[in-house]
Every structure is written in C-alpha cells, then in structure tokens.
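Working notes, structure below.
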Amino acid sequence: MESARRPLVSQLWVKNRRNEAVLDPERPALSWKELQPKSGRGLCLARVLHRARGLIGRLTEQYPSVCHSVPISEIIAVETEQKRYNSDTWQKFNHHAFTVHYAQRAQKHCWRCSAVTFWCKDEELCHQWIQAIKKLLELQTSRPKHLLVYINPYGGKQQGKQIYEQKVAPLFSLASITTDVIVTERANHAKDDLFEVNLEKYDGVISVGGDGMFSEVMHGLIGRMQKDSSIDQNNPSAPLAPCNLRIGIIPAGSTDCICYATVGINDPVTSALHIIIGDLQHMDVCSVHHNNTFLKYSVSLLGYGFYGDVLKDSEKNRWMGPTRYDFSGFKTFLSHHYYEGTVSFQQANQTLGSPRDKSTCQSGCYICKQSTQEVEEKRKRHHYNLEETEDDGDWKVIRGKFMAINAANMSCACPRSPKGLSPAAHLAAGTIDLILVRRCSRLNFLRHLVRHKNQDDQFDLAFVEVYRVKTFLFTPKHSENEDTDNKDVRKKHFNQICNGNHSSCGCNHVNSIWNCDGEALDHAAVEVRVHCQLIKLFARGIEEDSKP
Ligand SMILES: CCCCCCCCCCCCC/C=C/[C@@H](O)[C@H](COP(=O)(O)O)NC(=O)CCCCCCCCCCCCCCC
Ligand SMILES: Nc1ncnc2c1ncn2[C@@H]1O[C@H](COP(=O)(O)OP(=O)(O)O)[C@@H](O)[C@H]1O
Ligand SMILES: [Ca+2]
C-alpha cells in the first residue's frame, strides 16, 4: 500500500532522448525532463549539438531543460505502443514503449489531445508504467464511462453528425467511454426520449447541436426529474428537484453561447476533452411561467423586443444557417421598434455581486461557491420540512417603452460577442442580470450594440439600466389578444422603413415575443424565477490564464 504512494522514477526515452520520468501519486502528476547525455564514449553529432545548445542556453540563461508535467486528471488514456515508429527505434528498444494521451492547452481556452511516447529498455518496466498510470486513472471517479448522445443533424451548418463522428467519437473511444447515440429525427425527439429512457445506466447526456438542442436535452432531464419526484412544474414557486446527470455540449449550432460561456470557446474537441476528464460546472436555470402555467426553462438569454424580433424573423431563414441572425439583426435594427410594458423585480442580495463588477465569473468563482453551500443547506431544510427564511428585498416596478428587455442567466458570451450581453453575470450564483434598454434613437441603440463587440461598457449609457435579480415579472401594456386583433394600434408603431404591408419588416405586432435560448415563447406576460444550480455540466467555467 505504502509503495503505491511512492513516486515511480525511471529513465525512459522520448524521441530518442534520455528523460527522467516521474509518476507521483501525491501531486498527482506525470512529469518528464530531458537528461543531459553522459560525457565520453565518443562524440556523436547529436551530442555535440546538444552540448552546444546547453552552452548557448547557459550563456543566455535559457537552457531548455524543460520539465513537462501533466496532471493525472488531464490524462485521457495510456496504451501500449503499436508498431508505427521507424524500425530503428522499434529495434533499439526491443518494441517496449507506451503512449500517454493527454489534454493540452493550445490557444486561449482551446484544448487539444496530445500524445507522448515513452520507450523502455525492458518489457517489465514498460508494463509497470502502464499499470501504474492505469491505477491512477481508475481513481478519477468523476469521469463518465457510459454516455447517452443526442445529435441534431440540422443545427447550425448541419454538420452535427460529421462533427461528432470525426472529432468526438474517436476521443471517446480512446478514453474507453461507451455511448448510445441517437440522431434526432424531429424537434422534441431528444426531450420526449429522455422521459422514457432508463437513465440509471448513464453517467451523462451529451447534446450535439446549438443552444436549442441543449435546451431540449435540459427540458427532458429537468422534466423527468420533476415527474419522478412528483413536483408540479406549473407551480412557479415549487422548489425544483436538481438533476444529477451532467450534460455535455458538443457545439454544432448557430450561436452556441451556452458552450462558449461555460468553456470559453465553441470547439468540439475542447468540449469532448472536458467531458472525458469529467469536469463539473453547476448552472442556474430560470423557469418561465404565464398565469401559473409552465412555459419553458432558460439558461442563456430571455430576450423581449430586439432579440425576440431577431429570432422571429430569423426562423423564416433557417436555410441561411448561423448568418440568419446577422441578416435578421440588421433588419430588426432598421425597423427600430419599441414595446411598452411593466417590469417588476426584486434585487438580489449585494453579496452576490453586481452586473457592473469589473471581475467576471471564472473557474472556481467564490461567489458561485458560496451559493453552492447555501443551496445545499436550503435543499436540506426543504427535505426536513423546515421553514424558509428568505430575506429578499422590496419589489421595484418600472413602467416604460423598451427597445429590449434582456434577462441574462449567464454572460451569453459567444463568437458574435466575446464578453457577452452581461459580462459579469455568474453561471451558478442563483441570479439573473436584467438589462432594460429604453426607447432611444437608432444611433444610440447602435452605440449600445457596438459595445457588445468592443471593450466599452454597454451599460454606461443613459438609456440602459441593469439589475441583478432573482425573479421578475413582465406585463405588456397591450393585452396579448389585442396583438392579433387591433390593427389601429399597430399603425401607431409604423416607422420610416416600414411601408405598411409588414411582410418584410416583421413589425406587425404591438407586442414582441420572448426569445428563450433561441426558442420563441407563446406569451408576452411572464413570471421568471431563477433556480440556483439546478443542473450540472461537463465544463469548468472560464479559466483565468489558459495559455500553454
Ligand atoms: C454592430 C454590431 C453589433 C453586434 C451585436 C452583437 C450582439 C450579440 C449578442 C449575442 C447574444 C447571444 C445570446 C444567445 C442566445 C442563444 O441562446 C440563441 C440560440 O442559439 P442557437 O442558435 O445556438 O440555438 N441565439 C440567438 O437568439 C441569436 C441572437 C443573435 C443576435 C444577433 C444580433 C446581430 C445584430 C446585428 C445588428 C447589426 C446592426 C448594423 C447596423 C449598421
Ligand atoms: N431532427 C430534427 N429535425 C428538426 N428539428 C430538430 C431536430 N432535432 C432538433 N431539432 C430542433 O432544432 C432546433 C434548433 O436546434 P439548434 O441545435 O439550436 O440549432 P441552431 O443553433 O442552428 O438553432 C431546436 O428547436 C431543436 O428542438
Ligand atoms: Ca436554436
């Protein structure tokens, strides 16, 4: 037992160079460092070059005695080397080699699967190393072994199936992860399936597609949990049962903001590696109700006005792929609509930070960690039927004319806006950032939009307000029935680019619609409530310094 904790230290060869390799179960990490060749026994060209490099390095103080180190938690697999090296190396080491595959940070937030082959002088040493690494890998208990995968073949650029088969499946198989793969045949296929399937045999569910596909998987899992726990989703104040299965996202959609904002990049290989090593990121979920009827859950953006109109117009042009949003965004910008209504909300406790904070939510975020403890205590109290002591503040009511009402449950960072709609929003603090953009000129609205692309503060404008809240209500000024009936009111909302036939401008509504993670809601009047850390993802949040 004692020997299992001692480091394994051996001389192994990497690319024909002698290295000292150390497998330290205490750290726990695998490291290797090139050893300088011994003097004497003649001078071969390699040795001369090596010495010269050492000398130059010492003179310039950059001798490359690089020590490579890989945490065990980031090793993907270890395998006996098959014959793929030139026969010289193969002969020299009598065929004894093993290869370690590991996750390596490439560019910012982008991970790649790298491999290093260690050559051993004898078979026993080779076997000892492979067994020692495998033993440490077995201790990585958070890694998934069996996954259920849903692929939307029509998301984004319709590449979901190819992305999964070419970039992800080979990595899963290298890591000995087994999968049941379902290519969806219709909308809601994944969601409906998750209500029926035996989930006990899986360690996680993977969504291959965009935010809409993720939303389907999430609705399936959350809905199934509530059904199994006899919780009525129509009750807006019911404490929901959390989902134990983690969800993984392989980005293959149009915005992929849930992936981008939880991993830092929308890259299928990076996401696959986070899944394999069993990362964990808790995430808040908003429930949306209308008149005590459950409508939907949201994790990224709930947007009324501008983003609702963009969505409505873009659905007609799905054939354009992700470009549909830019096209409809441009059209919606020109149509320049505002909507009247009342927003009421309770501001969150100040310990949960502010949307104007300069620091952002990152891996190991202390505000989210604090919420983890609170949510655990709250669930315990609920389990033992103890009373809740909510100290939420007063309700604030704002009546007005809005260009946009955006509720960001996370930063909503995506390739279109790398810092997102609310750069300081938290992934798991149990809060939503409510952004109100009041009626303003086209130029001012453009100024606000442009700030999503640059470093300027998009909230530092007189017509923009932002609040950190736990719950909010929205009531449109005009009743929802009017929307389809009252043509006179519609006319009041014409503007210079709308010629009155409305077929192209999409402005024939007194009310806008809610864009809920890219899906349209059927009602404008909504009650929204955040459920702290309801779901878990195979991710780790944004790493501060993720350079190689
Ligand atoms: C002048 C440049 C202005 C650029 C403004 C970019 C703002 C981008 C904010 C993005 C927020 C994204 C929130 C994410 C929501 C997603 O869950 C959801 C679903 O994703 P899925 O398709 O993967 O399933 N996606 C969406 O609803 C798409 C929202 C995209 C909106 C793009 C708006 C482009 C606006 C362009 C205005 C151009 C004005 C030019 C005037 C000269
Ligand atoms: N096989 C399918 N056929 C049609 N629609 C589907 C299918 N599978 C999933 N969907 C639906 O497609 C919509 C968009 O999916 P998503 O993955 O978000 O792509 P995008 O990012 O391009 O919008 C979602 O509403 C999802 O429910
Ligand atoms: Ca979508």
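Counting convention: from 1, in listed order, for ligands and their atoms alike.
- Of the heavy atoms in R324, only side-chain atoms (C-beta onward) come closer than 4.0 Å to ligand 2.
- Residue D256 has at least one heavy-atom neighbour below 4.0 Å for each of these atoms of ligand 1: 23 (O).
- Close contacts of ligand 1 with G518, meaning ligand atoms under 4.0 Å from a residue heavy atom, involve 18 (C), 19 (C).
- Interface atoms of ligand 2 facing G253, defined by a heavy-atom separation under 4.0 Å, are 21 (O).
- Between Y154 and ligand 2, no N or O atom pair is found at a separation short of 3.5 Å.
- Shown in contact with G155 at under 4.0 Å from a heavy atom are these atoms of ligand 2, numbered in order with element: 19 (O), 22 (O).
- Not close to ligand 2: G518, with no non-hydrogen atom less than 4.0 angstrom away.
- The residue V183 has no part lying near ligand 2, judged by heavy-atom distances below 4.0 Å.
- Take E527 and apply the salt bridge (charged side-chain N to carboxylate O under 4.0 Å, His left out) test, not counting sequence neighbours, and it matches R529.
- Considering R356, K419, R447 in turn, R356 is the only one that fulfils the salt bridge (Lys or Arg N to Asp or Glu O under 4.0 Å) rule with D457.
- No heavy atom of H189 sits closer than 4.0 Å to any atom of ligand 2.
- Atoms of ligand 2 lying under 4.0 Å from at least one heavy atom of G209, given by number and element, are 17 (O).
- Heavy atoms of K157 come nearer than 4.0 angstrom to ligand 2 in no pair at all.
- Annotation for F330: atom CZ does not count as buried by contact number, only 12 or fewer foreign heavy atoms lying within 6.0 Å.
- Of the candidates I151, N152, V217, N152 brings a heavy atom nearest to atom 9 (C) of ligand 2.
- Close approach of ligand 1 to N515 (heavy-atom distance below 4.0 Å) involves ligand atoms 27 (O).
- In this pair, Y467 and F345 present their aromatic rings tilted. The plane angle is within the 30 to 60° band.
- Using a 4.0 Å cutoff on heavy atoms, L311 does not count as a contact of ligand 1.
- Under the ring pair (Phe, Tyr, Trp, His ring centres under 6.0 Å) criterion, Y260 pairs with no residue, sequence neighbours left out.
- Separation of atoms CD1 (I513) and NE2 (H523) is listed at 12.5 Å; rounding is to 0.5 Å.
- Between atom 27 (O) of ligand 2 and the options K191, H219, E216, the minimum heavy-atom separation is to E216.
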